Amino acid sequence: MDTVLSGIRSTGRLHLGNYFGAITNFVELQHQEKCYFFVADYHSLTTHPTPENLHTSVRTVLAEYLACGIDPEIATLYVQSDVPEIPELYLLLTMNAYLGELERTTTFKDKARKQPDNVNAGLLTYPVLMAADIIIHKATKVPVGKDQEQNLEMARKFAKRFNFMYKHEVFPEPQAFNFGKELVKIPGLDGTGKMGKSEGNGIFLADDAKTIRKKIMTAVTDAGPTEKNSPVAEPIQNLFTLMEVMSKPDTLLFFKDAYANCSIRYGDLKKQLAEDVVLFTTPIRERILQIENDEAYMRKVVKLGAEKARESASKTLKEVREIIGFKAF
Ligand code: TYM
């Protein structure tokens, strides 16, 4: 049985990118493998949330995970900051992580560009904390979106380095996982890039039907094809990509054909896409509202998750401490 782990930063509501990048596969896997799913609240500190925002976001992400179908009795669902073994392993790993390799990470360079007034050490060592998250449970499969590919490569590097330095095969090599398929990148509605939490280009699982329709109807498009089989511009390709995950194959084919023979009406495509998204998100949204209001259930889930996660994490940490040379007197 493989150990699978996935995490999401608590920086706001979950969007379709999070769902298709990190959650769908996991929901399926929890019945076959040993699965860990957690809310990365330490990671969210790199962008300095207020104390109220921090707590609300953790709560929201937890409720949304549950609403998507993660079963806390089967999988281990927990909050990162409830497991003190993770920051300890992170500290130990930082001793063998080097400035040059951390500075070269794409996610670090992106963040440093986006928030030039807050280039903190937590941003720099972000991949080390992520590696600790993964290897503390000796996870081998990590369902993530395409944007996390490099962080997974770093996690493998830190795991292998530790094994090599101490001459013990402690950590298996974690792999980004999508059932052998390319990792997904769900695009945003603004015509470029990927769907994000703070880019203003996302569809959130908790959005109501009216909001979803409005967002999709105002998605960026172009003037439309004028010649048969003309190349597809990025904004249109993005809508097709969304349709690929949200709509029936026939629907996608219909609009692709319409594009190829220049009869496409973007308004019709958007209306269809909006209805397909609404159909998909409505039951999830209803469950989110229900779970968010159930304080006692959330408390129970968090407590159970922390117990299960700490059991596994403390075993690994004990082994690591002994290997490094921390010995009892
Ligand atoms: P975060 O919170 O940015 O995103 C959570 C997960 O959602 C995926 N994702 C996407 N996938 C496809 N298309 C998109 N547009 C899209 N946007 C987000 C991400 O790839 C990710 O899988 N560093 C992580 C959280 C984390 C983590 C971990 C993940 C901390 N420790 C250990 C896995 C293992 C992050 O910021 O994800």
Side-chain angles (χ1 to χ4, degrees), residues 4-33 35-41 43-44 49-83 143 145 184 186 189 195-198 200 202-216 242 245-247 273-309:
V4 185
L5 172 133
S6 188
I8 296 189
R9 243 174 329 140
S10 50
T11 43
R13 293 230 169 241
L14 302 190
H15 52 69
L16 292 178
N18 298 135
Y19 184 84
F20 289 103
I23 302 181
T24 34
N25 284 341
F26 188 90
V27 169
E28 214 177 308
L29 283 167
Q30 66 184 340
H31 300 286
Q32 300 148 22
E33 320 275 20
C35 287
Y36 295 88
F37 219 129
F38 74 101
V39 185
D41 55 347
H43 279 106
S44 80
T50 63
E52 295 74 30
N53 279 345
L54 179 67
H55 181 71
T56 312
S57 298
V58 171
R59 222 178 157 279
T60 304
V61 176
L62 262 177
E64 295 190 342
Y65 270 156
L66 290 162
C68 289
I70 288 160
D71 183 338
E73 302 284 338
I74 299 175
T76 299
L77 173 61
Y78 62 99
V79 180
Q80 186 186 32
S81 64
D82 278 343
V83 184
V184 286
I186 302 295
L189 297 171
M195 189 174 285
K197 283 182 195 132
S198 46
I203 302 169
F204 296 95
L205 297 175
D207 279 345
D208 61 23
K210 197 169 152 216
T211 309
I212 291 172
R213 289 189 184 111
K214 195 166 153 215
K215 281 183 177 177
I216 294 180
L242 283 170
V245 292
M246 299 304 322
S247 309
L273 177 61
E275 289 324 301
D276 292 337
V277 173
V278 168
L279 197 68
F280 172 79
T281 52
T282 300
I284 299 181
R285 182 172 151 267
E286 283 165 1
R287 285 197 297 271
I288 293 173
L289 295 175
Q290 219 174 30
I291 295 167
E292 272 182 340
N293 287 324
D294 195 341
E295 200 62 54
Y297 177 60
M298 297 264 281
R299 204 175 305 123
K300 198 176 118 197
V301 166
V302 168
K303 186 165 173 281
L304 175 70
E307 278 165 17
K308 290 202 282 183

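Only a predicted model underlies this, so the values are computations on that prediction, with no experimental measurement involved.
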Give a yes or no on whether the backbone of [Y] and the side-chain of [X] come within a donor-acceptor separation of less than 3.5 Å.
| X | Y | result |
| --- | --- | --- |
| Lys197 | His15 | no |
| Lys215 | Ala274 | no |
| Ser247 | Asp276 | no |
| Tyr78 | Tyr36 | no |
| Gln30 | Gly69 | yes |
| Glu33 | Val4 | no |
| Asp41 | Val58 | no |

Quick one: are [X] and [Y] in side-chain contact, heavy atoms under 4.5 Å?
| X | Y | value |
| --- | --- | --- |
| Leu242 | Leu189 | yes |
| Ile74 | His31 | yes |
| Thr211 | Phe204 | no |
| Val83 | Phe38 | no |

[X] [atom1] to [Y] [atom2] distance, which is reported to the nearest 0.5 Å:
| X | Y | atom1 | atom2 | result |
| --- | --- | --- | --- | --- |
| Arg285 | Asp208 | CZ | CG | 5.0 Å |
| Leu66 | Leu77 | CG | CG | 5.5 Å |
| Ile203 | Leu273 | CD1 | CG | 6.5 Å |
| Leu62 | Ile8 | CG | CD1 | 11.0 Å |
| Leu14 | Ile284 | CG | CD1 | 10.0 Å |
| Arg213 | Glu275 | CZ | CD | 4.0 Å |

Do you know which two heavy atoms are closest between [X] and [Y], and how far apart they sit?
| X | Y | value |
| --- | --- | --- |
| Val27 | Cys68 | CG2-O, 3.6 Å |
| Gly305 | Thr76 | O-CG2, 3.7 Å |
| Pro143 | Leu5 | CD-O, 3.2 Å |
| Val184 | Phe20 | CG2-O, 3.2 Å |
| Ser44 | Pro49 | O-CD, 3.3 Å |
| Pro72 | Leu304 | O-CD2, 3.5 Å |

Margin query: Set out, in order, the CA-CA distance, both residues' side-chain angles and the distance that settles side chain to side chain contact (heavy atoms under 4.5 Å, CB included) for Thr281 and Tyr19, then state yes or no.
Written below: CA-CA 11 Å; Thr281 52; Tyr19 184 84; over 6 Å; no

Note to self: Test side chain to side chain contact (heavy atoms under 4.5 Å, CB included) on Ile23 and Ser6; report intermediate values, then the result.
What the structure shows: CA-CA 8 Å; Ile23 302 181; Ser6 188; over 6 Å; no

Note to self: Any carboxylate oxygen within less than 4.0 angstrom of a Lys/Arg side-chain nitrogen, looking at Arg59 and Glu295?
What the structure shows: yes

Checklist line | Residue pair Thr56, Asn53: steps toward the side-chain hydrogen bond (donor to acceptor under 3.5 Å, both in side chains) verdict | finding: CA-CA 5 Å; Thr56 312; Asn53 279 345; 5.3 Å; no

Check: Would Glu64 and Asn18 count as a side chain to side chain contact (heavy atoms under 4.5 Å, CB included) if you check the C-alpha gap in whole Å, the side-chain angles of each, and the deciding distance to 0.1 Å?
Finding: CA-CA 11 Å; Glu64 295 190 342; Asn18 298 135; over 6 Å; no

Item checked: From CA spacing to verdict: side chain to side chain contact (heavy atoms under 4.5 Å, CB included), Leu16, Leu205 -> CA-CA 7 Å; Leu16 292 178; Leu205 297 175; 4.1 Å; yes

